[in-house]
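This report refers to the structure that appears directly beneath it.
Basis for what follows: all heavy atoms, side chains included, without hydrogens, waters or symmetry-related copies. Numbering of ligands and ligand atoms starts at 1, following listing order.
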Amino acid sequence: MEEESGSLPSKSDFSAWYNDVLWRAEIMDVRYPVKGLYVWYPFGFGLRRQTYAILRNLLDGSEHEETLFPLLIPKTEFMKEAEHIKGFEDEVYWVTHGGLSELDIPLALRPTSETSIYPMFALWIRSHADLPLKVYQIVNTFRYETKHTRPLIRLREITSFKEAHTAHATWDEAAAQVEIALSLYTRFYDDLCIPITISRRPDWDKFPGADYTMAVDALMPDGRTLQVGTVHHLGDHFSKTFEITYEDAEGQQQYVHQTCYGISERCIAATIGVHGDDKGLVLPPKVAPVQVVVIPIIMKKRADEVLAAAEALKAELETSGLKVKIDTRDMRPGAKYYHWEMHGVPLRIEVGPRDLDAGTVVAATRDGEKMTVQRDEVVTAVPEILGAYAARLRTKAEEFLTSHITEAGSVEEAAEAVKTGIAVVHWCGDEACAEELEKVTNGSVLGTEVRSPHIKKSEGPCAVCGRQGTSTVIARTY
Ligand SMILES: Nc1ncnc2c1ncn2[C@@H]1O[C@H](COS(=O)(=O)NC(=O)[C@@H](N)CS)[C@@H](O)[C@H]1O
């Protein structure tokens with residue numbers, strides 16, 4: 001794709017920066033003629049592949065099995081669970097025709113897959129020996145979002161919806177699975193070098209049909225939080241609706257207790273938003289489609305020698321398991337640096353005539369570290385350089401988060417804090433007080449039972465009514 005004229009807006013104008021970097025870094029083409037649907041460029045798709053490979057490995061390594069359920073859900077099944085319907089009825093797309101003939105039963109495009117999966121769970125689960133059952137799928141789902149749609153953040157077609165669904169013998173075992181899911185999500189976001197907060201959503205914000213919802217939030221550069229994952233304890237609401245029972249050791253029929261937990265491409269929006277800078281993407285090594293770019297510094301003389309050395313270096317790095325590109329385009333080095341910095345490539349290695357003579361190369365990390373490396377040590381040095389780079393990304397993102405969390409003693413203080421980040425107040429749990437908190441702060445009550453190394457939980461008088469309250473997170477959200 002041609003390097004367009006003009007330059008990337010400053011990241012301080014986050015909305016403009018975000019929209020611009022998505023096409024300049026070839027992540028998403030937003031010109032598709034349906035609102036809320038976007039096209040993955042190949043480079044962006046590479047970022048998606050790497051990101052979801054991490055997620056797959058974490059799930060597969062935690063006794064989940066990947067599966068695939070149909071996209072279309074018969075209205076008869078979809079309309080079975082009252083809460084679920086209420087939560088999704090104004091978001092569901094319906095297929096009403098097959099060709100020219102009207103369907104006798106309209107089919108929903110899955111907004112999420114409880115009502116396609118659980119009728120099958122009822123067939124699959126017969127005895128406690130079938131439990132625990134842990135499956136996941138990574139599919140596209142469809143939600144007719146009426147709020148402002150944004151690529152990777154608020155889609156009508158969620159193209160990368162990882163949804164896990166588990167079934168257990170007891171409520172407690174399902175609750176234990178909620179904790180396992182949260183620890184998997186914590187590891188996943190750590191691999192993306194993204195610090196998160198976890199909290200229990202207030203009841204009015206929990207997943208339709210759930211007992212409770214634990215949510216994972218990331219702080220974006222504009223001070224708003226992005227819900228980048230959720231884990232729901234479904235109790236036996238769905239198993240009673242879909243008759244998912246098992247025979248227990250005493251020969252009794254028991255309803256299973258379930259969980260489900262989802263992550264969408266918002267994880268990529270967070271990676272782009274949290275780490276990016278004024279020059280473009282800054283990608284963690286584990287998800288970068290190109291981890292190292294080799295730039296031959298080609299002068300008139302010795303061009304062939306430099307090119308051969310650069311190709312040899314590329315081959316060696318690839319053999320060591322890295323994703324490497326060599327940029328031999330006929331353009332000045334600075335234009336090449338600009339291009340690969342825009343694409344967030346973690347490490348650039350320059351090879352020129354002087355380097356050949358000195359037996360060295362110049363390594364430059366995407367966050368600005370530059371060093372000379374002995375040519376014959378490059379293959380062992382690169383993993384260390386990338387490790388140190390990832391640690392710096394993590395530290396920088398943690399510092400941003402911790403410096404944007406305010407323990408607020410009053411509603412007014414919370415209102416000030418949410419202009420640029422997260423406020424922690426004491427809230428009694430009463431909905432009326434939450435409404436007052438949201439009205440005055442212009443933020444949302446994200447939740448209680450806050451889990452974050454950066455937020456200490458405490459008790460104290462509710463910031464609104466003075467009754468006994470607990471630490472509660474408030475922020476402006478996407
Ligand atoms: N319109 C959307 N665009 C992008 N991501 C979304 C959208 N709606 C939800 N998500 C993401 O998908 C995650 C899971 O969605 S959810 O509704 O909370 N939960 C479920 O659907 C459950 N079935 C767990 S899979 C959310 O935490 C949020 O991060």
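Side-chain rings of Tyr185 and Phe188 stay apart, their centers remaining 6.0 Å or farther from each other.
Closest protein heavy atom to atom 3 (N) of ligand 1: Leu155 N, 3.1 Å.
Defined by atom type and a distance below 3.5 Å, a donor-acceptor pair is present between the side-chain atoms of Lys134 and Gln177. Residues Arg110 and Thr141 have side chains that never bring a donor and an acceptor to within less than 3.5 angstrom of each other.
Residue-level proximity to ligand 1 for Gln227 is carried by backbone and side chain together, each with a heavy atom below 4.0 angstrom. Under 4.0 Å from ligand 1, the heavy atoms of Glu114 that appear belong solely to its side chain. Both the backbone and the side chain of Thr230 come within contact range of ligand 1, each with a heavy atom under 4.0 Å. At a heavy-atom cutoff of 4.0 Å, ligand 1 is contacted by the backbone of Tyr261 but not by its side chain. Within the 4.0 Å heavy-atom criterion, neither part of Glu265 lies near ligand 1.
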Under 3.5 Å, side-chain donor or acceptor atoms of residues 169-176 against the rest of the protein: list the pairs with distances, not counting sequence neighbours.
{"residue": "Thr170", "atom": "OG1", "partner": "Glu173", "partner atom": "N", "Å": "3.0"}
{"residue": "Trp171", "atom": "NE1", "partner": "Asp211", "partner atom": "OD2", "Å": "2.7"}

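In this structure Phe88 satisfies the ring-ring contact (aromatic ring centres under 6.0 Å, His included) test together with His84, Phe207, sequence neighbours excluded.
Of the N or O atoms in Thr112, one or more lie within a sub-3.5 Å distance of an N or O in ligand 1.
Under a 4.0 Å heavy-atom criterion, Ile153 is in contact with ligand 1.
The cationic atom of Lys325 (NZ for Lys, CZ for Arg) does not lie both less than 6.0 Å from the six-membered ring centre of Trp340 and within 45° of the ring axis.
Remark: ligand 1 atoms within the under-4.0 Å shell around heavy atoms of Glu145 are 1 (N), 2 (C), 8 (N).
The one candidate from Arg56, Lys162, Gln137 that meets the side chain to side chain donor-acceptor pair (under 3.5 Å) condition with Glu66 is Arg56.
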